[in-house]
Amino acid sequence: MKFISVAIDGPVGAGKSTVARECAKRLGFIYCDTGALYRAVGLYCVRNGKKLEDPSEVAGCLDGINVGLSLVDGVQHVFLNGEDVSEEIRLPEMSMAASVVSAIPQVRGKLLSMQREAAEKNDVIMDGRDIGTVVLPNADVKIFLTAKPEIRAKRRYDELIKKGVETTFEDVLSDLNERDHNDSHRAVAPLKQADDAIFVDTSELDFGQSVELICGIVRERQNVL
Ligand code: DC
């Protein structure tokens, strides 16, 4: 049986995860948030005092890292050496740690097969930075989801404040710009739009409109498969 795969890539705060999660629910697909895997590796390195900026130190500790994804009541949970770290990986400092370790080729290599396996056994919506270009180059639908930086930063700021995280809009915007720069300028699998991806700018769209738009694109494609 052939499973359908939808790749959603884009910069920080474009709404990939919230939109993808809701689309997956409506379409009956599983949702795979690949950023969570890089965050778990970042968390391990921070907890164990590894120098993130030293690729050989990070690569050297990868054998001690076992990252797992599983669905609990339909929601993706992330396990680091058996511990559920789904909450801790969302801390703002883990965002930057994930971005730094994700530039290391050995880290990307370790996580690649896991992501591909998820798409082999399920209809999946997978989001990240290199899904349409590297992880699932033959995905049935590819979307490059973005919005203006100030709008993405405002959405991320509101989300963090709601969670009780103390921060400022300026800090969120500068963190977002720095991460986007790292993610799109690294040598291996940088963030970029796949040639055959559909460009979607959500600057003028609310959450419901973005979900409708993407579900519509997927359904249209399903009809011709
Ligand atoms: O999607 P996110 O913000 O949770 O991702 C955290 C970091 O992980 C992001 O800054 C870059 C990296 N990442 C990646 O390099 N490739 C992916 N497919 C997903 C995330």
Side-chain angles (χ1 to χ4, degrees), residues 5-21 24 31-46 52-53 55 58-59 62 65 67 69 75-78 80 85-119 124-137 139 142-147 149 152-153 155-157 159-160 163 165 167 172-194 197 202:
S5 52
V6 179
I8 303 186
D9 292 304
V12 175
K16 298 185 299 295
S17 57
T18 44
V19 169
R21 190 178 298 115
Y31 165 56
C32 180
D33 164 10
T34 64
L37 301 171
Y38 293 93
R39 286 171 180 267
V41 173
L43 173 64
Y44 178 93
C45 293
V46 170
L52 297 175
E53 62 286 352
V58 174
L62 289 177
I65 304 181
V67 185
L69 288 181
V75 177
Q76 178 186 282
H77 282 241
V78 188
L80 173 60
V85 292
S86 309
E87 285 294 317
E88 203 172 342
I89 57 168
R90 296 291 148 206
L91 294 171
E93 52 271 38
M94 293 312 147
S95 306
M96 198 55 82
S99 182
V100 175
V101 298
S102 72
I104 301 170
Q106 291 92 331
V107 172
R108 305 203 72 81
K110 182 180 173 85
L111 301 177
L112 184 61
S113 53
M114 236 172 113
Q115 297 168 73
R116 287 189 175 151
E117 273 166 29
V124 69
I125 299 192
M126 191 175 284
D127 81 27
R129 303 294 187 288
D130 61 337
I131 310 305
T133 51
V134 175
V135 178
L136 304 176
K142 296 183 187 178
I143 291 170
F144 192 83
L145 196 71
T146 189
R152 292 189 279 117
R155 290 177 186 160
R156 179 51 56 97
Y157 172 75
E159 209 176 276
L160 290 170
K163 276 192 191 166
V165 177
T167 186
V172 174
L173 180 62
S174 96
D175 175 270
L176 177 144
N177 283 331
E178 189 179 340
R179 261 206 304 147
D180 283 346
H181 185 272
N182 288 347
D183 297 345
S184 46
H185 288 82
R186 64 181 175 227
V188 192
L191 166 67
K192 67 169 186 224
Q193 183 177 346
T202 66

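Quick note: numbers below take in every heavy atom, side chains included, and nothing from hydrogens, waters or symmetry partners. Whatever order the structure lists them in is the order used to number ligands and atoms, beginning at 1.
Under a 4.0 Å criterion applied to the non-hydrogen atoms of Gly128, ligand 1 contributes the atoms 17 (C), 18 (N), 19 (C). Listed by number with element, the atoms of ligand 1 under 4.0 Å from a non-hydrogen atom of Ala98 are 6 (C), 7 (C), 8 (O). The distance from ligand 1 to the heavy atoms of Arg39 drops below 4.0 Å at these ligand atoms: 2 (P), 3 (O), 4 (O), 6 (C). With ligand atoms numbered from 1 in the order given, ligand 1 contributes 14 (C), 15 (O), 16 (N) to contacts under 4.0 Å with heavy atoms of Arg186.
Using a 4.0 Å cutoff on heavy atoms, Met96 does not count as a contact of ligand 1. Remark: distances from the non-hydrogen atoms of Asp130 to ligand 1 include one below 4.0 Å.
Remark: Arg90 pairs with Asp33 by the side-chain hydrogen bond (donor to acceptor under 3.5 Å, both in side chains) rule, at least two apart or across chains.
Using a cutoff of 4.0 Å between basic side-chain nitrogens and carboxylate oxygens, Arg108 and Asp130 are scored as salt-bridged.
Each of Asp127, Val6, Val124, Val75 was checked for a side-chain contact (heavy atoms from CB on, under 4.5 Å) with Tyr31, and the lone residue meeting it is Asp127.
Ranked by closest heavy atom to atom 12 (C) of ligand 1, the top entry among Gly42, Ser102, Ala14 is Ser102. When the options Arg179, Arg129, Arg156 are ranked by their closest heavy atom to atom 1 (O) of ligand 1, first place goes to Arg129.
Looking only at side-chain heavy atoms (C-beta outward), Met114 and Thr34 stay at 4.5 Å or farther from each other. Two residues are said to be in side-chain contact when any heavy atoms from C-beta on lie closer than 4.5 Å; Val107 and Val58 meet this criterion.
The protein atom (non-hydrogen) at minimum distance from atom 19 (C) of ligand 1 is Thr34 OG1, 3.4 Å. The protein non-hydrogen atom at the shortest distance from atom 8 (O) of ligand 1 is Tyr38 CB, 3.5 Å.
Of the N or O atoms in Arg108, one or more lie within a sub-3.5 Å distance of an N or O in ligand 1. For the pair Asp183 and ligand 1, the shortest N or O to N or O distance falls below 3.5 Å.
Thr202 and Arg155 form a side-chain donor-acceptor contact under 3.5 Å, judged by distance and modelled atom types alone.
Between the side chain of Thr133 and the backbone N or O of Ala194 there is no donor-acceptor pair closer than 3.5 Å.
Taking both residues in full, the closest heavy atoms of Thr146 and Pro11 are given as OG1-CG, 3.3 Å, listed atom of the first, atom of the second, then distance.
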